[in-house]
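Here is the structure we will look at, set down as structure tokens.
For reference, positions follow the sequence shown, starting with 1.
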Amino acid sequence: MAKAVGIGGVFFRTTDTKALAAWYETHLGVTGFWMQEAGPTVFAPFPADTSYFPAAKQWMINFRVDDLDGLIGQLTAAGIAVETRPDEWDTPETVRFARIVDPDGNPIELWQPPAG
């Protein structure tokens, strides 16, 4: 059976494509043709009434990160608010999460998955 083999792109609207692309590159290291590291990708539709991310948004992107504490420090130093809820989001199985919002108000989840 033919099937999808990975995420080929993430596309969304903005009023300032250059500024938003620069923000993602500066703060997350994500470029236009970004070669991501191999690892798990979760594809999970959520119920329409979920409170896991803002009701006004249809999607939330999740980036795997290699050093959540280091990235939180960099983002905070750049004046970007970082939300963590260790008692609610972090577990031994999934490890750690944090959330930020891009300049257009799009929610971004940062995930440091289990090693190995």
Side-chain angles (χ1 to χ4, degrees):
M1 174 180 101
K3 63 181 178 170
V5 295
I7 302 292
V10 175
F11 309 100
F12 53 100
R13 299 176 196 276
T14 182
T15 57
D16 190 339
T17 57
K18 288 182 182 181
L20 195 58
W23 186 91
Y24 275 86
E25 183 171 355
T26 298
H27 300 294
L28 298 174
V30 177
T31 60
F33 288 92
W34 174 50
M35 296 299 293
Q36 63 181 313
E37 294 180 12
T41 298
V42 177
F43 181 83
F46 278 68
D49 63 351
T50 187
S51 61
Y52 194 67
F53 54 93
K57 297 297 181 178
Q58 291 297 310
W59 61 275
M60 175 175 64
I61 193 163
N62 171 297
F63 288 109
R64 279 180 282 116
V65 302
D66 61 356
D67 177 7
L68 187 59
D69 289 327
L71 187 54
I72 288 171
Q74 290 170 217
L75 294 166
T76 302
I80 297 170
V82 179
E83 179 182 8
T84 60
R85 296 186 200 171
D87 295 338
E88 183 179 342
W89 295 339
D90 301 355
T91 69
E93 297 80 28
T94 60
V95 188
R96 300 182 57 218
F97 295 89
R99 298 234 182 115
I100 61 174
V101 179
D102 77 14
D104 281 358
N106 297 309
I108 301 167
E109 187 168 65
L110 306 171
W111 173 38
Q112 184 171 334

So how far is it from Q74 CD to D69 CG, rounded to the nearest 0.5 Å?
-> 11.5 Å
Same cluster for [X] and [Y] if Ile/Leu/Val/Met/Phe/Trp/Tyr side chains link at under 4.5 Å?
X	Y	value
L20	I100	yes
L110	V95	no
V30	I80	yes
V101	Y52	no
I108	V10	yes

Nearest heavy-atom contact between T94 and P114 is O-CD, 3.9 Å
Nearest heavy-atom approach of E83 to W89 is O-CZ3, 3.5 Å
[Y] and [X], any side-chain heavy atoms less than 4.5 Å apart:
X	Y	result
Q112	R64	no
T76	I72	yes
E109	I61	no
L71	L28	yes

Should the pair F97 and W111 be assigned to parallel (<30°), tilted (30 to 60°) or perpendicular (>60°) ring geometry?
-> parallel
Atom CD of Q58: over 12 foreign heavy atoms under 6.0 Å = no
Any chance the rings of F46 and W59 have centres within less than 6.0 Å?
-> no
According to the side-chain hydrogen bond (donor to acceptor under 3.5 Å, both in side chains) rule, which pairs have a member within residues 8-24, sequence neighbours left out?
-> T14-D104, Y24-D102
Please confirm whether the backbone N or O of T91 pairs with a side-chain atom of R96, one donor and one acceptor, at under 3.5 Å?
-> no
